[in-house]
Amino acid sequence: MADICDEIKRRRTFAIISHPDAGKTTLTEKLLLFGGAIHIAGAVKSNKIKKTATSDWMEIEKQRGISVATSVMGFNYGDYKINILDTPGHQDFAEDTYRTLTAVDSVIIVVDVAKGVEQQTRKLMEVCRMRRTPVIIFVNKLDREGRDPFDILDELEAELKIAVRPLSWPINIGAKFKGVYNIFEHSLDLFTPDKQKATERVEIDRIDDPRIDAAVGEADAAKLREDLELIEGVYPEFETGSYLAGEVAPVFFGSALNTFGVKELLDCFVRIAPSPRPVAAVERLVEPSEPAFSGFVFKIHANMDPNHRSCIAFVKVCSGRFERNAPYLHVRSGKTLRFAAPTAFMAQKKNIVDEAFPGDIVGIPDNGTFKIGDTVTSGELIHYKGLPSFSPELFMYIENADPMKAKQLDKGIQQLMDEGVAQLFVHQFNGRKIIGTVGQLQFEVIQYRLLHEYGAQCRWEPMSMHKACWVESDDAAVLDAFKKRKFQFMATDREGRDVFLADSAYVLTMAQNDFPKIRFHFSSEF
Ligand code: G4P
């Protein structure tokens, strides 16, 4: 029997995040190639939700269906077991990505060298910062014209609000791109634009090694030495501890499409990235090496086929050994369940597994038992803290368009919210239901799924709203006064917490000024 501590030590569970088009899919695919999980480039593409498909969300759902298989990509690399958790590229599904980040131990951020830090990356980094997730940054597309690497580093620090430390350094960029100097391993990797071929490496002893001049020419070698000197002067020595604490992000440069700089990234990643770490439950901190199994549901993937309304609940194993058919406690319902057909994802194949270890993700066929955030244990009553909900960006009233199907509509809304498709608020003034989302697409998805999975019809009614924020105060009387004054703008979320519906930025600022004793939160974790 495998020793649990050894199994934990060799696991690396992470997600790759980026703004759409920065190269996440390409990088994922190249990592899988190195891990031997796939053998040809292009195999991961089917999972990509193309930005051109925004108006055609049926197509998107089809692709999401396909993406069950690639939701988790497990493979072995040397002694390591790597689990890459896929995140949807489309920004309307950003909430899915946030939740996936609760199940990873670290993150690789891909940034396009020409575009720098883009909006989506900024938002995702906020979540990483909140959870102190260690991040490595891969600056991609060095084969194209782009920005000065020092400028990129400055921008990464300023925009992502994290200290950076380059661990590789490019020699030129675009048409003149010659390769990268690997600061982590002290070697020089020469660039050959070839999608399948690995890097050509020049072993060097010191930075003044004449082999550098021979390889890239004297002028570029001189510039490289100058840059490296500057780096050593400006950036503190890389130290794994500050990376693991989420304080410093090591930065690599390369070109995913040309498989350049990817192996260097991977080799450094497996060495420094954390293995599964202790996870905070409400009651206590749970060590992965504890013998008793525990885990939580971070994602529910619905089956789009209306004849099979089954889902897959994705459970992240947090502690102990997960075993097939063992009796486990579903903490929220208090029921004991046995999972006869848990699946795991190895080398792009979904197989039934007999056991899994901390850091692994198991897929459990489900018919509505699970909610996002549910905890499953060997028997202990603990509750893992899920990811907070963020204040949605778009809001609509949801109305019943078929009076005969009111029950179906209620059930459908409830289940879709359990799945985490969107957020539901109830207006305190008029009792109407409000759905909040991060993208327009979700409204279409909800309407379609209500009809096809629950036989219910809904109608959307636009409402003008700037933000919904959670409000609280240490002074109950103040909170009461606020709720009375703003009674037309108060709602409750699914847990019954008070939410203030501000219809403009001005109204929100005014409310904040008028009620200094009230705390306004833009995420539900406070
Ligand atoms: P995403 O998942 O982050 O959205 O990005 P994806 O990997 O799909 O990459 C977006 C585009 O950028 C793709 O081109 C991809 O080929 C290209 N790309 C990725 N890495 C590099 C790189 O290192 N250098 C260059 N020059 N391009 C890169 P596309 O035309 O949108 O897609 P495709 O037709 O090539 O599939």
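Numbering of ligands and ligand atoms starts at 1, following listing order. Worth saying up front: this structure is predicted, and the values here are computed from it rather than measured. Note: hydrogens, waters and symmetry copies are ignored here, and every other heavy atom, side chains too, is used.
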Purely on distance, is any nitrogen or oxygen of [X] under 3.5 Å from one on ligand 1?
X	result
Lys141	yes
Gly254	no
Leu257	yes

(message) Keeping Arg99 on the side-chain end and Gly420 on the backbone end, is there a donor-acceptor pair under 3.5 Å?
(response)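 Yes, the answer is positive, given that a donor and an acceptor are paired below the 3.5 Å cut-off.
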(message) Tell me if a side-chain donor or acceptor on Asp209 pairs with a main-chain N or O of Arg211 at a distance below 3.5 Å.
(response)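 Confirmed, Asp209 side chain pairs with Arg211 backbone.
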(message) Under 6.0 Å from the ring centre and within 45 degrees of the ring axis: does the NZ or CZ of Lys299 meet both conditions for the six-membered ring of Phe314?
(response)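 Judged by the rule, Lys299 and Phe314 form a cation-pi pair.
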Which atoms from ligand 1 have a heavy atom of [X] less than 4.0 Å away?
X	result
Ser255	22 (C), 23 (O), 24 (N)
Lys24	1 (P), 2 (O), 3 (O), 5 (O), 7 (O)
Ala256	23 (O)
Pro20	4 (O)
Thr26	6 (P), 7 (O), 9 (O), 15 (C), 19 (C)
Ser18	3 (O)

(message) Counting C-beta onward and ignoring hydrogens, is there a side-chain heavy-atom pair between Phe269 and Asp267 closer than 4.5 Å?
(response)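 Answer no - side chains too far apart.
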(message) Could you check whether any side-chain heavy atom of Arg449 comes within less than 4.5 Å of a side-chain heavy atom of Glu419, counting everything from C-beta outward?
(response)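 Yes. Closest side-chain heavy atoms under 4.5 Å.
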(request) Work out which heavy atom in Phe296 is nearest to a heavy atom in Thr102; give both atom names and the distance. (result)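 Distance-wise, the nearest heavy atoms are CZ-O, 3.4 Å.
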(request) Check each heavy atom of Leu27 against ligand 1 and say whether those closer than 4.0 Å belong to the side chain, the backbone, both or neither. (result)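 Neither part.
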(request) Might you confirm whether atom CG of Asp208 has over 12 heavy atoms from other residues, nucleotides or ligands at distances under 6.0 Å? (result)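 Enclosed.
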